[in-house]
Amino acid sequence: MGESGVSRDIVQEKVIDALQDALQQAKRRGQLKIEALPSVTLDQPKRPEWGDFANTVAMTLASSEQRAPHDVAQIILENMAQREAIFDRVEIARPGFLNMTVKRDLWLQVLSEIEAQGEAYGRADLGKGRRVLIEYVSANPTGPLHVGHGRGAAVGQAMARLLAAVGFDVVQEYYVNDAGRQMKLLGTSVYARYLEQNGRAATFPEEGYHGAYIAAVAAHVQERVGTTLLDAPPEQAEQRCRDLAQEELLGLIRKDLQAFGIEFDAWFSEASLMSSGAVRQVLDDLTQRGLLFEQDGALWFRSSSFGDEKDRVVRKQEGDYTYLASDIAYHRDKLMRGYDLLIDVWGADHHGYIPRMEAVVQAFGYPKDRLRVVLVQMVSLMRAGQKVEMSKRAGEFITLREVVDEVGADAAKFFFLMRRSDTHLDFDLDLAKQRSADNPVYYVQYAHARIASLYRVAEARGIRVPKPSEADLSLLTDADEFGLIRKLAAYPSVVRASAEALEPHRLTFYLQELAGLLHTFYYKHRIMPPAVEAEAPDGQGFVTDAAALSVRQREEMTPGLTAARLALMREVQQVLRNGLALLGLSAPDRM
RNA sequence: GCGCCUGUAGCUCAGCGGAUAGAGCACUAGCCUCCGGAGCUAGGGGCCACAGGUUCAAAUCCUGUCAGGCGCACCA
């Protein structure tokens, strides 16, 4: 993404300023006792009659002011100097809510703001250029990616884009676990299949990889080295199988990710930490600081000194390093590279490791919140209402690639991002493929395509699609139009909250809501005048819903109104496009 | 046994201190001669697991109980 441009919540800012000024003035006049100005936040009232924004400071202040909430609200209200300039209405409701209705002119400015910001609408500078490294997927190169990895990929990418949008300098990294026991098992598994393929006796390792793809890998090994490994010393042959298998599987992972539309900035090899001596170095460093100790022939990390429930082994009795040793080295490396924040996206079954990684971060003298771990829960694939059974041990699982091939990358990503990442997800394959309003992906993308289609019709009829600055927006007066505008105005704060909480699903929900408003608007209102020859005598067409019908009959489509609505549509489309981009989805003009 | 997460409409889930708790699906009843029906309208449906507490205000915070998931390796 990059580029400059930071958009503002022009409406919210003005409302908050008005409230803060009122508090300030009330304090100056001695009407309120408060010392520090309380932070002012805006709530969305649940009912439209309550206005555009609600504020609750009066109620929070009531007890310290020793006054009734209503009185405090009254004082704030009286001190709102620019009330007329910003609000149509400010009312006090029951306990002590301040309900505010913003002037239409102000709302309309939102459209010009989006026009001016374009693709940058929604960006912020929360990050202030701070550097973040987000590590995700990081699956062992021992087999193809499965759907769980896919969810991690979608979440990781969306978070990376969200953080970049709010002003962080983001690097996306894949940590390749290309060392250790799992890789060894991969080697012996492939070697065993290789031997079998050549009619030799082979004992397949009990804990090895049983998937059918292993045989395919073994066949590829044979294509490359022929039968030369048959008579090589087993250990050497295994090693060779392992290297070739890893190369192939990592290549496969890269391809699968590419097909899914995920791209990493860096691939970091665990094995490189071993060969460079980085692991040994970090352990020496920790030893010097008294954070490692030997016991029972093993080497332990004193993680319990940093909040972990017990100490952890970093080098086993037999002398091998545990995965923790390389994880320490890896995280140390990331910290040394100068990132202000490390984000790790993990499968939720690894949640027990959080305290120990936080201990690692602290052992190197960094605050523990330098690391944020995002957990991604399991995905159950559903087909025909039934759960698709998978068994990883038996090598029977649906790969990410199969899902992407079946439902498409956009649908897969959207589904992965529909729920909070740390809750279990039911992924309905049938629904994801469906081309109907029931499928949320199509619902949102269709909103975008529908507007694009509108432009095509406009062009065919010689009607220009104006920018907000070129149209008379004051012709927009309908509640449905303002519903859309209010939603557009909320977009930057949704992006911000979503990024701060590392919860991309909030944006997914927002886009569904915005698309819903668009579809409703589109159905109830005309944007362009009906084509003359097609106009039915009663002017009602297929709209039979009583309320919508009366709206349509009442509305007279003037060229001015058409222009204003086209301008509105333009910015709705812009926000849909911006939001889809942050989730890593396309915004098609035709579907 | 200990720790973490989760219990909200029939189902899948939002909401996580504020006013009569929301959405989608499913269900019921409607809607295609006009800008893409890949869409729209209306309706029923809830002691927000349970019990205490904090608060002017609790689905939301605290404590306990019950239920489910996941962890508790010198495996990754």
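FYI, side chains are in, hydrogens and waters are out, and symmetry mates aren't considered; it's all heavy atoms of this structure. This is a predicted model, so every value here is computed, not measured. Letters A, B, ... are given to chains in the order of the sequence lines, protein chains preceding strands, and every chain is numbered from 1.
Using the Watson-Crick or G-U wobble rule with both distances under 3.5 Å, rG22(B) pairs with rC13(B). When both pairing distances are held under 3.5 Å, rC4(B) makes a Watson-Crick or G-U pair with rG69(B). The pairing partner recorded for rC34(B) is none, the criterion being a Watson-Crick or G-U wobble arrangement whose two distances lie under 3.5 angstrom. Using N1 to N3 plus N6-O4 or O6-N4 for Watson-Crick, or N1-O2 and O6-N3 for G-U wobble, each under 3.5 Å, rC27(B) pairs with rG43(B). As the counterpart of rU63(B), rA51(B) is assigned, both hydrogen-bonding distances of the Watson-Crick or G-U wobble pattern falling under 3.5 Å.
Taking 4.0 angstrom as the limit, Tyr443(A) places a side-chain polar atom (N or O) nearer than this to OP1 or OP2 of rC40(B). OP1 or OP2 of rC74(B) has not a single side-chain nitrogen or oxygen of Arg181(A) nearer than 4.0 Å.
In this structure, His70(A) atom NE2 and rA57(B) atom P are separated by 19 Å, rounded to whole Å. Spacing between atom CG of Asp438(A) and atom P of rA38(B) amounts to 12 Å, rounded to whole angstrom units. Put simply, CE on Met591(A) is 10 Å from P on rA38(B), counting in whole angstrom units. Between the OH atom of Tyr446(A) and the P atom of rA38(B) there is a distance of 6 Å, rounded to whole Å.
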(request) Spell out protein contact along nucleotides 5-15 of chain B as letters: B when the base is contacted, S when just the sugar-phosphate is, - when no protein heavy atom is under 4.0 Å; keep the 5' to 3' order. (result) -S-----BSSS
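With rA19(B), rC35(B), rC74(B) as the candidates, the nucleotide lying closest to the side chain of Ala54(A) is rA19(B).
Taking the P atoms as reference points, rC13(B) lies 9 Å from rU8(B), given to the whole Å. When the C1' atom is compared between rU6(B) and rG15(B), the two are found 16 Å apart, to the nearest whole Å.
Taking 3.5 Å as the limit, the base of rA19(B) and the side chain of Asn99(A) contain a donor-acceptor pair of atoms between them.
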